[in-house]
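The block underneath contains the structure these notes are about, expressed in structure tokens.
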Amino acid sequence: MNLYRKYRPQKFSDIVQQEFAVKTLKNILITRRIAHAYLFNGPRGTGKTSLAKVFAKALNCLDDTSYEPCLKCKNCLDFDEGKFIDYFEIDAASRGKVQEMRDLIDKVKYAPAQGKYKVYVLDESHMLSAGASNAFLKTLEEPPEHVIFILATTDPHKILPTIKSRCQVFDFTRIGVKAIKERLEYVCSVEKIKISDQALDYISYYAEGGLRDALSILDQLWAYSEDEIDESVLAAVFGTTGYEKVYSYIKAVFEKDFKKILEFGNEYYENGVDFKLFTEDILKVLKDIIYLKWSSSHKVVLPFLAGYRDEIQAMDDLMLHSFLERLNNEYYQMRKSEDMKLALELVIYDFIKRPLKKEEKRSSDIELKNTKVVEKEEPENINPFKISKMFKEKIEEKRPNPNISKKTKAKKIKNENKDNYEPTEDELVLINAFDLVLSNLERESLFIGSCLRKSEIRWAEDKKSVVVYFGKGHNFHFERTLSKKEILQDELMQILGKELKLDIILVENKKLENEKQQNKKENNQKIDKTTENKEDVQETLERLSEEDELLRALKKNIKVKKIEIMEDDKNGKKT
Ligand SMILES: Nc1ncnc2c1ncn2[C@@H]1O[C@H](COP(=O)(O)OP(=O)(O)OP(=O)(O)O)[C@@H](O)[C@H]1O
Ligand SMILES: [Mg+2]
Ligand SMILES: [Zn+2]
């Protein structure tokens with residue numbers, strides 16, 4: 001049996017993290033104030049189905065001395081063997097049709113045959129068709145006393161608000177690196193799996209908050225290894241060195257020991273390390289080093305780094321920042337190289353020779369932009385900029401406007417002396433609405449949020465439609481966003497309270513970037529000199545974690561395929 005199935009939590013105390021959901025459900029059991037519909041929302045493999053099962057089991061456990069299921073009574077035993085007949089798991093993705101929903105609703109009214117409650121878990125409930133959702137709504141409004149619905153979803157935005165509002169909602173969070181590591185350690189000790197601390201670190205971090213993924217990866221490595229799961233197994237299965245080696249490599253960079261870098265590189269090469277992944281790992285470790293230096297919350301950071309805290313505190317901020325930024329900037333270019341190892345070594349060589357090159361260049365960049373602002377106003381024949389030009393003209397007409405809000409006023413005053421793009425009132429409303437939608441979306445998916453952050457929004461001339469556009473080089477973000485067009489449009493309409501059309505377009509033009517940079521620069525001018533460096537670091541971190549999401553997405557395409565195959569058998573059998 002797969003590890004992740006074997007180690008499915010049997011009771012509340014087995015659930016890792018998700019304290020809020022666990023605590024609330026326990027209280028519900030204790031007080032017996034049982035609601036009839038719950039929505040479990042959160043990333044894959046974070047315990048939604050597991051907790052639904054524990055809750056269902058506890059609701060029907062014959063021993064009511066504790067909120068925990070006793071695991072000994074007939075109902076509990078039947079439940080664990082998949083024989084409890086009042087528990088139903090329905091996959092809305094494959095059975096979300098209206099007719100099937102009607103059949104289900106028909107059966108709902110019959111009393112439970114074995115336990116006190118019939119519990120229906122609707123997995124992937126965002127996949128319910130509109131018809132099915134509506135059919136379901138009526139039942140949800142007045143559910144029979146003996147029925148509990150638990151809707152699980154990774155994408156709550158696609159769930160009808162009318163459904164959502166009838167559910168008690170629980171947000172499941174990504175599981176922290178440390179918590180994953182502890183769970184893996186536990187599983188390894190029970191299964192007598194020999195594994196190095198490095199490998200544990202690697203899996204815990206790599207799983208990105210999903211415990212199922214972490215256990216699947218452990219399974220894969222275990223299947224491959226003959227004895228201990230160590231760095232050689234990591235290299236063979238993943239093409240990685242493990243993070244400790246990455247750290248040593250980074251240290252050699254900061255010691256400017258190029259000879260050591262080459263030696264390390266050759267050694268890793270012989271072990272079959274994939275240098276693309278290695279570069280990604282360097283970026284991750286660098287980012288965590290900086291987090292560790294700058295942030296008080298170390299939950300998300302690679303566990304082993306804590307052991308090097310003193311060493312890390314002594315590292316030069318500016319150098320760290322510069323290296324991170326440069327490697328990050330070069331990364332996309334490097335990936336096109338036939339010889340990734342060489343590409344990496346070249347970047348490092350360059351960094352060692354001129355560690356702060358970019359820093360110097362950056363300040364001159366800013367000057368350059370300052371003097372070139374005027375250029376931006378030259379006529380453009382590409383569509384979206386016609387729009388922004390139009391807005392600019394409108395602003396000229398409009399000023400001064402007695403009705404402007406405080407916020408707008410502040411913005412206007414700030415911009416007064418600059419011949420620069422400035423949003424109108426309408427546009428500010430739109431931008432604020434967009435910001436709100438964005439933060440909402442971001443809460444559900446960091447990834448889609450980070451895609452959208454690369455875009456700008458404007459009213460089209462008719463004011464009935466809006467245009468979200470992406471600048472050059474953002475094809476990937478653009479395409480991802482396209483797939484979320486409907487949600488985006490819905491949310492915007494809801495916030496703005498009117499019908500509108502939404503277009504998402506890609507612009508092969510640099511001006512968008514200029515505009516953005518300029519705005520950013522203005523904001524930065526406010527920043528006190530002493531905090532400037534910190535802001536820089538923060539900014540790079542933000543940018544990097546956005547790109548991290550991209551790396552993840554790309555990486556997932558390649559690597560998680562394997563895991564999905566292993567999961568196939570799970571889908572077939574419903575317990
Ligand atoms: N919070 C958790 N505590 C303990 N084990 C967990 C937790 N989350 C996931 N797991 C492990 O991962 C496996 C799968 O978890 P589960 O099916 O509950 O995830 P899910 O959130 O329902 O994911 P999906 O969205 O893919 O359906 C479990 O069998 C268990 O081994
Ligand atoms: Mg599930
Ligand atoms: Zn029991």
Side-chain angles (χ1 to χ4, degrees), residues 1-22 25 29 38-81 84 87 89-94 114-116 121-127 150-156 170-176 179-184 186-187 190-191 203-204 207-219 444-445 556 560 563-564 566-571 573-575:
M1 196 201 278
N2 285 332
L3 285 178
Y4 72 81
R5 283 175 58 201
K6 187 161 173 191
Y7 287 88
R8 189 185 275 290
Q10 298 301 316
K11 47 189 193 318
F12 285 109
S13 59
D14 293 337
I15 303 273
V16 179
Q17 211 167 286
Q18 320 306 4
E19 291 87 358
F20 175 74
V22 168
L25 291 176
L29 285 162
Y38 303 85
L39 177 63
F40 289 2
N41 148 44
R44 284 166 40 99
T46 51
K48 298 184 294 298
T49 306
S50 304
L51 191 53
K53 282 189 156 160
V54 171
F55 186 52
K57 195 156 60 174
L59 278 169
N60 284 301
C61 174
L62 297 171
D63 175 357
D64 51 13
T65 50
S66 160
Y67 56 81
E68 285 282 20
C70 74
L71 309 184
K72 285 185 228 132
C73 71
K74 173 150 174 34
N75 284 1
C76 282
L77 290 173
D78 278 0
F79 199 102
D80 286 339
E81 284 170 31
F84 182 73
Y87 176 78
E89 245 175 59
I90 295 138
D91 182 9
S94 59
Q114 180 173 359
K116 238 188 249 166
V121 175
L122 266 88
D123 246 328
E124 310 279 338
S125 48
H126 59 272
M127 300 289 276
I150 301 174
L151 283 67
T153 182
T154 48
D155 203 350
F170 294 100
D171 291 324
F172 284 59
T173 50
R174 281 182 209 283
I175 299 170
I180 293 187
K181 188 173 174 185
E182 280 163 14
R183 183 72 177 169
L184 292 177
Y186 167 76
V187 171
V190 178
E191 295 291 328
I203 305 172
S204 316
E208 290 161 358
L211 199 44
R212 185 199 297 110
D213 280 2
L215 288 168
S216 293
I217 294 167
L218 177 64
D219 239 344
E444 310 313 339
S445 154
K556 277 250 156 80
V560 175
I563 297 165
E564 272 162 8
M566 298 172 68
E567 273 177 9
D568 274 350
D569 56 348
K570 173 201 157 201
N571 294 334
K573 286 177 210 161
K574 290 272 133 61
T575 43

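Computed from heavy atoms alone, side chains included, the values below leave out hydrogens, waters and symmetry copies. Both ligands and their constituent atoms are indexed starting at 1 by order of listing.
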Between Leu3 and ligand 1, find which residue part has any heavy-atom pair under 4.0 Å and reply side chain, backbone, both or neither. neither

Could you tell me which non-hydrogen atom of Thr154 sits nearest to which non-hydrogen atom of Pro43, and how far apart they are? CG2-C, 4.2 Å

Using a 3.5 Å cut-off on N or O atoms only, is Gly45 in polar contact with ligand 1? yes

Within the structure, does Tyr7 bring an N/O atom to less than 3.5 angstrom of an N/O atom in ligand 1? yes

Give a yes-or-no answer on whether the side chains of Glu124 and Thr153 include a donor-acceptor pair shorter than 3.5 Å. no

Mind checking whether Thr154 contacts ligand 1 via backbone (N, CA, C, O), side chain (CB onward), both or neither, at a 4.0 Å heavy-atom cut-off? side chain

Any donor and acceptor pair, going by atom type alone, linking the side chain of Asp14 with main-chain N or O of Lys11 inside 3.5 Å? yes

Judged by atom type as modelled, is there a donor-acceptor pair below 3.5 Å linking the side chain of Asn60 to the main-chain atoms of Lys116? yes

Looking at ligand 1, does any of its N/O atoms fall within less than 3.5 Å of an N/O of Thr46? yes

Between Ser50 and ligand 1, which part of the residue brings a heavy atom under 4.0 Å of the ligand: side chain, backbone, both or neither? both

Among Arg212, Arg183, Lys53, closest by heavy atom to atom 27 (O) of ligand 1 is Arg212

Would you say Tyr4 and ligand 1 have an N/O pair spaced under 3.5 Å apart? yes

Lys48 versus ligand 1: do any nitrogen or oxygen atoms come within less than 3.5 Å of each other? yes

Ligand 1 N/O within reach of Val16 N/O, cut-off under 3.5 Å: yes

Considering distance alone, does some N or O of Gly47 sit under 3.5 Å from an N or O of ligand 1? yes

